[in-house]
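Treat the numbers as computed from the prediction; the structure is a model and nothing was measured.
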Amino acid sequence: MEADCPRLSVESFLQEPGPIIDVRSPGEFGQGHIPGARNLALFSDEERALVGTAYKQQGRAAAVGLGLELVGPKLAELGRALAGHQSDPDQSQEALRIHCWRGGMRSASVAWLAGVGDQPCLLLEGGYKAYRQWVLASLEQPRRLLLLSGRTGTGKTDLLLALRDQGQQVLDLEGLANHRGSSFGGLGQAPQPSNEHFENELASVLDGCRDDSWIWVEAESAQVGRCRIPTAIWRQMQQAPTIEIQRPMVERLERLVAVYGPHDRGELAEATERISRRLGPQRTAIALGAIATGNLQEACGQMLDYYDRCYDHELARRQQPALASLDLAGLDDQEASKQLLAQALVATSHL
């Protein structure tokens, strides 16, 4: 059956249509996977550990025998699950793209089962291990990054999303990391991905970008929450041309209150405590008191002093001065993004 299931390189595998079926264990899948893939685990995490131990202690034949014992009772269920992945009529003629860790027996076994059910399939040559090598190589490639900088509360992320709506290429690091990049950045967000999966998501976005157009990216610290920006991307961000945006303090405070105001006061207080040493005892006390009484504008005002100092410090470290600075006072995100785009076209015309 495997002879009827072609093995493709990573690039070809990713370009094909059809669902991606990752047959590794749930733990492996949770650590990182091809974006959009679905997990159809041949073994549970515990079963995988048992098979691995058998291989080390008793050899390949014993491990294969144990694997067959574990999978045998699941065949009917696995077959139904495979059929369910092609229940969409629009995907009925698309091949299942199947892979495991190294492109070995697990993916070949599931491909055989798909063949029994007359389902077309494709295998990833080298498995997820080859995919990870492709990801790491992809992240080393030079990119045409255009950095969007500005103080906390100027609405950089909202502007990135507005630029995307206008057809611009955008690398939303905070969106991929499920974190807004500050002590308060995880509030209301989904759990952060592992650093490995963050890299996978980055590579997926960059793979879809054209080489002849700029890629907008927000200025960030080296880490977004627990997700570390890959070194090569970070270095390129440090050297990228930059457009700085400005908004008056009153608008910055309004935006911050709108974003963080709905969150639990206890969580806001905990996030404030995490930066208390840098905020200073007096400002910390004022901020915590303001949170307790619901005066979030006062609380945000105290904390902006700290974040503005961080911004000034990062600005001093940047290797490239800003190409342009744009005051967006009074503009909504859509109108602001239009002016930003027009400014960027002028500022980058000579690059």
Side-chain angles (χ1 to χ4, degrees), residues 5 7-11 13-55 63 66-67 70-71 73-88 91 94-114 119 121-139 175-179 189-205 207 225-228 230:
C5 192
R7 291 181 175 270
L8 302 181
S9 66
V10 173
E11 293 84 354
F13 187 85
L14 295 176
Q15 290 170 3
E16 287 289 330
I20 299 177
I21 309 300
D22 185 331
V23 303
R24 295 175 303 147
S25 70
E28 292 174 289
F29 185 85
Q31 178 64 24
H33 53 269
I34 299 175
R38 309 169 188 178
N39 191 209
L40 179 60
L42 193 63
F43 299 130
S44 67
D45 294 325
E46 295 77 11
E47 290 169 341
R48 174 176 172 262
L50 289 173
V51 172
T53 300
Y55 184 88
L66 176 58
L70 294 171
V71 171
K74 304 178 186 179
L75 285 177
E77 180 183 350
L78 288 168
R80 286 191 295 270
L82 283 171
H85 286 301
Q86 286 189 320
S87 58
D88 186 343
Q91 296 182 343
E94 295 178 350
L96 297 173
R97 292 179 285 171
I98 301 171
H99 76 85
C100 59
W101 166 237
R102 291 181 179 171
M105 290 190 66
R106 283 187 288 179
S107 56
S109 298
V110 175
W112 169 83
L113 186 58
Q119 293 176 282
C121 61
L122 301 167
L123 288 173
L124 174 58
E125 183 66 42
Y128 180 76
K129 182 178 181 180
Y131 169 75
R132 280 293 296 166
Q133 293 170 346
W134 174 86
V135 164
L136 296 177
S138 174
L139 295 175
L176 296 176
N178 295 333
H179 201 282
Q189 301 289 305
Q192 286 201 266
S194 69
N195 205 70
E196 177 179 310
H197 193 63
F198 178 61
E199 292 174 347
N200 293 350
E201 294 280 8
L202 282 176
S204 179
V205 172
D207 187 46
R226 74 177 186 185
C227 295
R228 178 168 291 278

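With sequence neighbours excluded, no residue forms a ring-ring contact (aromatic ring centres under 6.0 Å, His included) with W101. Qualifying salt bridge (charged side-chain N to carboxylate O under 4.0 Å, His left out) partners for E47, counting only residues two or more places apart in sequence or in other chains: K74. Contacts of S9 classified as side-chain contact (heavy atoms from CB on, under 4.5 Å), with partners at least two apart in sequence or in another chain: E11, S12.
D207 places a side-chain heavy atom less than 4.5 Å from the side chain of W134. Counting heavy atoms from C-beta on, the side chains of N200 and R132 come closer than 4.5 Å.
Remark: the backbone N or O of A95 is not paired with any side-chain donor or acceptor of E16 at under 3.5 angstrom. No donor-acceptor pair closer than 3.5 Å links the side chain of R106 to the backbone N or O of R24. Between the side chain of R38 and the backbone N or O of P19, no donor-acceptor pair lies under 3.5 Å. Side chain of R226 to main chain of A177: no donor-acceptor pair is present (N/O by atom type, distance under 3.5 Å, no hydrogens or angles). Checked by atom type and distance alone, the side chain of R48 never pairs as donor or acceptor with a backbone atom of G27 at under 3.5 Å.
Of the inter-residue distances, the one linking H33 atom NE2 with N39 atom CG reads 8.5 Å to the nearest 0.5 angstrom. Distance check: L124 CG to I98 CD1 gives 11.0 Å after rounding to the nearest 0.5 Å. Atoms CD and OG, on E199 and S194 in that order, are 8.5 Å from each other to the nearest 0.5 Å.
Annotation for R7 and G103: closest pair NH1-O, 2.9 Å, computed over non-hydrogen atoms.
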